[in-house]
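One structure is given here, and the rest of the page talks about it.
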Amino acid sequence: QVRLVESGGGLVQAGGSLRLSCAASGSSFSIFNMGWYRQVPGKQRELVATITAGGTTNYADSVKGRFTISRDNAKNMVYLQMNSLIPEDTAEYYCNMGRLYWGQGTQVTVSS
């Protein structure tokens, strides 16, 4: 059974940084594409960044140049380094595995 657990969210001032982590259970982590998504109340969940099993990354235009997704297959972990945060980045951030499994989310709040 797959379980995803996010951590690292919190309150940060604009211009600051946070690093989100996602710990995945299961032995097949390395073959899955992984992603980070975010959602604001009343809006649809949106893609932030993805990383394929082979390490190819993709980013939403709104976070390009500021966020970096990475993975450590030996530890079953995926990360999202978020720099130069802006208030518009405030959202619940979710880890996704293979577009099949979701974590429970971690809240990121950026104050102006």
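A quick note: this is a predicted structure, and the numbers were derived from the prediction, not measured.
- Between the side chains of N83 and S17, a donor-acceptor pair is found at a separation under 3.5 Å.
- Under the 4.5 Å side-chain criterion, counting only non-hydrogen atoms from C-beta, L4 is in contact with M97.
- Rounding to the nearest 0.5 angstrom, the gap separating the CG atom in N73 from the CE atom in M34 is 9.5 Å.
- The cationic group of R45 lies under 6.0 Å from the six-membered ring centre of Y94 and within 45° of the ring axis, placing it in a cation-pi geometry.
- Two residues are said to be in side-chain contact when any heavy atoms from C-beta on lie closer than 4.5 Å; N96 and W36 fail this criterion.
- Here the closest heavy-atom approach between residue A53 and residue S30 is recorded as CB-O, 3.3 Å.
- For R66, the salt bridge (charged side-chain N to carboxylate O under 4.0 Å, His left out) test picks out D89, with sequence neighbours left out.
- Scanning all heavy atoms of the two residues, the minimum distance from S21 to M77 falls at CB-CE, 3.7 Å.
- Both tests pass for R19 against the ring of Y79: distance under 6.0 Å to the centre and angle within 45° of the axis.
- In plain terms, the two heavy atoms of L20 and M82 that are nearest each other are CG-CE, 3.7 Å.
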Can you check salt bridge (Lys or Arg N to Asp or Glu O under 4.0 Å) on R38 and E46, steps first, answer last?
CA-CA 5 Å; R38 65 188 182 187; E46 64 175 8; 2.7 Å; yes
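- Note on F32 and W102: separate hydrophobic clusters, where clusters join Ile, Leu, Val, Met, Phe, Trp and Tyr whose side-chain heavy atoms are under 4.5 Å apart, directly or indirectly.
- Contact between C95 and V78 at its shortest, heavy atoms only, is SG-CG1, 3.7 Å.
- Judged by a 6.0 Å distance limit and a 45° cone about the ring axis, R71 is positioned over the six-membered ring of F29.
- For N58 (side chain) and T50 (main-chain N/O), no donor-acceptor pair under 3.5 Å exists by modelled atom type.
- A donor-acceptor contact shorter than 3.5 Å links the side chain of Y59 to the backbone of I69.
- Contact annotation: the side chain of L80 never approaches that of T68 to less than 4.5 Å [non-hydrogen atoms, C-beta and beyond].
- As a member of the Ile/Leu/Val/Met/Phe/Trp/Tyr network built from side-chain separations under 4.5 Å, V40 groups with nothing else and remains a singleton.
- The two atoms that bring S111 and L11 nearest to each other are CB-CD1, 4.3 Å, heavy atoms only.
- For the pair E6 (side chain) and Q104 (backbone), a donor-acceptor distance under 3.5 Å is present.
- I51 and L100 fall within a single hydrophobic cluster, where Ile, Leu, Val, Met, Phe, Trp and Tyr side chains are chained together by heavy-atom contacts under 4.5 Å.
- A donor-acceptor distance shorter than 3.5 angstrom exists from the side chain of N76 to the backbone of A24, with no hydrogens or angles considered.
- Put simply, the side chain of T90 gets close to the backbone of V110: a donor and an acceptor are under 3.5 Å apart.
- In terms of hydrophobic clustering, with Ile, Leu, Val, Met, Phe, Trp and Tyr side chains grouped at heavy-atom distances under 4.5 Å, Y37 and V63 are assigned to different clusters.
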